[in-house]
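Hydrogens, waters and symmetry mates play no part in the numbers below; they use all other heavy atoms, side chains included. Note that the structure is a prediction, hence the values are computed from the model and not measured. We name chains A, B, ... by the order of the sequence lines, and we start the count at 1 in each one.
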There are 2 protein chains.
Amino acid sequence: MPSLSETIQSGGLKGNLLVTQCPSRQILKDVTSRWGVLVLIALQTGRLRFAELRRTVGGVSDRMLSQTLQTLERDGFVSRTVYDVVPPHVEYSLTPRGCDVAELVRALADWIENATPDIMAGKAPPPTESLSGITSD
Amino acid sequence: MPSLSETIQSGGLKGNLLVTQCPSRQILKDVTSRWGVLVLIALQTGRLRFAELRRTVGGVSDRMLSQTLQTLERDGFVSRTVYDVVPPHVEYSLTPRGCDVAELVRALADWIENATPDIMAGKAPPPTESLSGITSD
DNA sequence: GTAAGTACGTACTAAAATGTTAGTTTGAGT
DNA sequence: ACTCAAACTAACATTTTAGTACGTACTTAC
């Protein structure tokens with residue numbers, strides 16, 4: 001049983017991302033990495049080969065793609081199927097766990113795709129508030 | 001009106017994150033940045049001062065915190081209220097737009113916090129599939 | 001014969017993100 | 001008087017991340 005201070009500090013028994021040493025931070029980093037997000041989204045459409053992924057995810061380099069895939073595989077988000085033929089044939093797909101995160105990531109991505117025009121337009125939404133005796137910005 | 005090829009390539013009129021030059025990628029980067037995620041989550045609990053945020057988000061440095069806050073402010077996710085007194089007093093809070101993303105980010109974070117133990121445990125979920133004539137890994 | 005495609009690994013370089021330290025200004029606490 | 005806290009910024013050092021180029025081993029297309 002965790003100490004009282006630990007329990008209080010982390011706000012419960014589960015990991016708390018706001019605490020420095022929380023291991024969830026690594027997973028978060030893997031999932032929200034530049035290419036991680038995009039690969040997850042790309043694979044939501046189904047099973048894809050390496051080169052198909054490279055074409056789907058605009059701008060990835062071979063190196064980054066394979067690195068990202070390895071990380072996502074380690075975390076159990078994607079599974080890799082190797083057909084032992086030549087030339088090589090490898091397929092990637094989401095695991096059930098991968099499907100779950102991908103949905104959440106997708107939701108975020110969708111929201112952002114929608115909001116981006118507004119954000120780019122008036123880079124100042126409801127401007128900084130004015131309260132008694134205040135200098136804004 | 002966008003060209004046919006553009007429309008086809010992006011899969012619609014909205015931004016498509018899978019396309020290299022999509023401006024949404026920048027916003028995505030801002031939101032999913034190492035500290036961006038955590039600040040958004042921290043601010044979900046309410047209005048906070050700079051030093052309170054620093055204490056809440058474990059591990060941030062002054063520099064990163066203020067940089068992250070500036071970015072989030074530019075994107076219209078957080079609003080900054082300056083009380084013109086000395087010593088300085090500044091408060092940060094989520095804008096309506098910020099509340100929206102924060103919820104999605106929070107959902108992702110919650111899922112990850114829950115899944116992390118499993119992920120860390122058996123870094124191999126359903127192991128790489130076996131199909132006819134296949135060498136796995 | 002030569003080029004291209006496949007799925008990477010490796011080495012090296014460049015660019016971006018992050019961290020560290022110091023300094024600013026002024027009031028409150030001891 | 002001296003220190004601390006507040007909210008930053010600037011300068012500089014380091015770490016992480018990403019990109020480029022090349023090699024592999026073999027096949028199909030030109």
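We find that CD of Gln67(B) is positioned 11 Å from C1' of dG19(C), with the value rounded to whole Å. When the C1' atom of dT26(C) is taken as reference, atom NE2 of His89(B) falls 16 Å away, rounded to whole Å.
Close approach of DNA chain D to chain A, defined as any atom under 4.0 Å from a non-hydrogen atom of the protein, starts and stops at dT17(D) to dT27(D).
Shown here for Leu38(B) and Arg34(B), the closest heavy-atom pair between the two residues is CG-O, 3.7 Å. Pairing each heavy atom of Gly58(A) with each of Thr20(B), the nearest pair is C-OG1, 3.1 Å.
Between Arg106(B) and Glu113(B) a salt bridge is recorded (basic side-chain N to carboxylate O distance below 4.0 Å).
Not one side-chain nitrogen or oxygen of Lys29(B) sits closer than 4.0 Å to the OP1 or OP2 atom of dA16(C).
Screening residues 44-67 of chain A for ring pair (Phe, Tyr, Trp, His ring centres under 6.0 Å), with sequence neighbours left out, gives no hits.
Panel note: side chain Thr95(A), backbone Phe77(A); a donor-acceptor pair is recorded below 3.5 Å.
A donor-acceptor pair shorter than 3.5 Å cannot be found between the side chains of Thr32(A) and Thr32(B).
Scored by the side chain to side chain donor-acceptor pair (under 3.5 Å) test, Arg54(A) finds Asp62(A) as partners (sequence neighbours excluded). Shown here are the salt bridge (Lys or Arg N to Asp or Glu O under 4.0 Å) partners of Arg49(B), two or more places apart in sequence or in another chain: there are none.
Using five terminal pairs a side, the axes of the helix from dG1(C)-dC30(D) to dT30(C)-dA1(D) at its two ends make an angle of 10°, given in steps of 10 degrees.
No side-chain heavy atom of Arg25(A) sits under 4.5 Å from any side-chain heavy atom of Lys29(A).
Between Thr71(A) and the choices Val31(A), Val39(A), Asp30(A), Ile27(A), the side chain to side chain contact (heavy atoms under 4.5 Å, CB included) rule is met once, by Asp30(A).
At a non-hydrogen distance threshold of 4.0 Å, Phe50(B), Ala51(B), Arg55(B), Asp62(B), Arg63(B) from residues 50-63 of chain B come into contact with DNA chain D.
Between Thr68(A) and Pro87(B), the residue anchored nearer the 5' end of DNA chain D, judged by the nucleotide with its closest heavy atom, is Pro87(B).
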